[in-house]
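Written out below as structure tokens is the structure these notes cover.
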There are 2 protein chains.
Amino acid sequence: MGRFGKELIESMQQAAKHAAGRKVRGLRVSRVELPDVKAIRLSLRMSQHHFAAAYRIPLSTLKNWEQGRRMPDAPALAYLLAIKRRPKEIMEAVTRP
Amino acid sequence: MGRFGKELIESMQQAAKHAAGRKVRGLRVSRVELPDVKAIRLSLRMSQHHFAAAYRIPLSTLKNWEQGRRMPDAPALAYLLAIKRRPKEIMEAVTRP
DNA sequence: GGCACTATACGCCAATGGCGTCCGAAACTC
DNA sequence: GAGTTTCGGACGCCATTGGCGTATAGTGCC
């Protein structure tokens, strides 16, 4: 199957697990609508580092979102939705000098 | 000249004034880098209401930004930059069901 | 005049942004 | 195997913002 295939499958499994809710110290935390930041990032096959840099989101902020410690506020949610729908265009628009 | 021409000129003047800094109770507040939220919105010829709705930004937040009371945080800045560069695509991506 | 729309100004509080650090897992190099 | 690098989870901390509200003022339309 190759490394990439395996990685991709793991990514999808992680994403699915993530969408379903995370376990925090034995507690299952169900999130009403945890925006699929992680799923978006994984679908683009980027590390937190690269994703954060590409979309100009502070790494710590991205981590907070993915770990469920913080909830993206309204503008951030809109931004994430836009990224989800048009990843390339937005990356271009945001990284362009 | 017509109403639209007049409005457009006023818009530009406002945007310019805005970029230069606002007067607050006699104090001139110079802003290091006030992101041109208002200029972007005016260039799209939208009211605060419409702009906020179109890009899923709470009206009060947009107001705070335009009035210089609050500074958009990093993700919001990236979002605004993206809006500036690709207004239509993003509006579509964000408003689509 | 009265109505609707638009935008400025600002008080308030909980919540987040943004920084930091520490730790463990996985993968590569030597 | 030991060392190194990359990746990501977990969390402490505090200033700042988001998001809500209300009040005021100017404009154009009926």
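Throughout, protein chains are lettered first and strands after them, A, B, ... in sequence-line order, and every chain is numbered starting at 1. From a predicted model like this one, the values you see are computed outputs, not experimental measurements.
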Can you give the donor-acceptor pairs under 3.5 Å from side chains of residues 85-92 of chain B to other protein atoms, not counting sequence neighbours?
from    : atom 1 : to      : atom 2 : distance (Å)
B/Arg85 : NH1    : A/Ala93 : O      : 2.6
B/Arg85 : NH1    : A/Arg96 : O      : 3.4
B/Arg86 : NE     : B/Glu89 : OE2    : 3.3

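- Taking side-chain N and O atoms only, B/Lys38 has a distance below 4.0 Å to OP1 or OP2 of C/dT8.
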N/O contacts under 3.5 Å, protein versus nucleotides 15-20 of chain D?
from   : atom 1 : to      : atom 2 : distance (Å)
D/dT17 : OP1    : B/Met71 : N      : 3.4
D/dG18 : OP1    : B/Trp65 : NE1    : 3.1
D/dG18 : OP2    : B/Trp65 : NE1    : 3.1
D/dG18 : O6     : B/Arg70 : NH2    : 3.2
D/dG19 : OP1    : A/Ala74 : N      : 2.6
D/dG19 : OP2    : B/Thr61 : OG1    : 3.3

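- Considering only residues two or more places apart in sequence or on other chains, A/Ser60 meets the side chain to side chain contact (heavy atoms under 4.5 Å, CB included) condition with A/Pro58.
- In this entry the distance linking CG of A/Leu77 with C1' of C/dT16 reads 12 Å, nearest Å.
- For the pair B/Lys63 NZ and C/dG11 P, the interatomic distance rounds to 16 Å; values are reported in whole Å.
- Just one of A/Leu42, A/Leu59, A/Ile40 meets the side chain to side chain contact (heavy atoms under 4.5 Å, CB included) condition when paired with A/Phe51; it is A/Ile40.
- B/Asp36 contributes atom CG, which lies 9.0 Å from atom CG of B/Leu81 (distance to the nearest 0.5 angstrom).
- Among residues two or more places apart in sequence or in another chain, the side chain to side chain donor-acceptor pair (under 3.5 Å) test is passed with A/His50 by A/Ser47.
- Side-chain to base pairing of A/Gln67 with D/dA10: one donor and one acceptor N or O lie within less than 3.5 Å of each other.
- Atom CG of A/Leu44 and atom CD1 of A/Ile83 lie 8.5 Å apart (nearest 0.5 Å).
- For A/Lys63, there are no salt bridge (Lys or Arg N to Asp or Glu O under 4.0 Å) partners at least two apart in sequence or on another chain.
- Contact between the side-chain N/O atoms of B/Gln48 and the OP1/OP2 oxygens of C/dT8 is found at a separation under 4.0 Å.
- Straight-line distance from the CG atom of A/Leu42 to the C1' atom of D/dG8: 11 Å, rounded to whole Å.
- Using modelled atom types, one side-chain atom of A/Arg56 and one backbone atom of A/Val94 make a donor-acceptor pair closer than 3.5 Å.
- Overall bending of the helix from C/dG1-D/dC30 to C/dC30-D/dG1, expressed as the angle between end axes built from five pairs apiece, is 50° (10° steps).
- With rounding to whole Å, A/Arg56 atom CZ is found 17 Å from C/dG18 atom C1'.
- The CD atom of A/Glu66 sits 16 Å away from the C1' atom of D/dC11 (whole-angstrom rounding).
- One N or O on the side chain of B/Tyr79 and one on the backbone of B/Tyr55 form a donor-acceptor pair closer than 3.5 Å.
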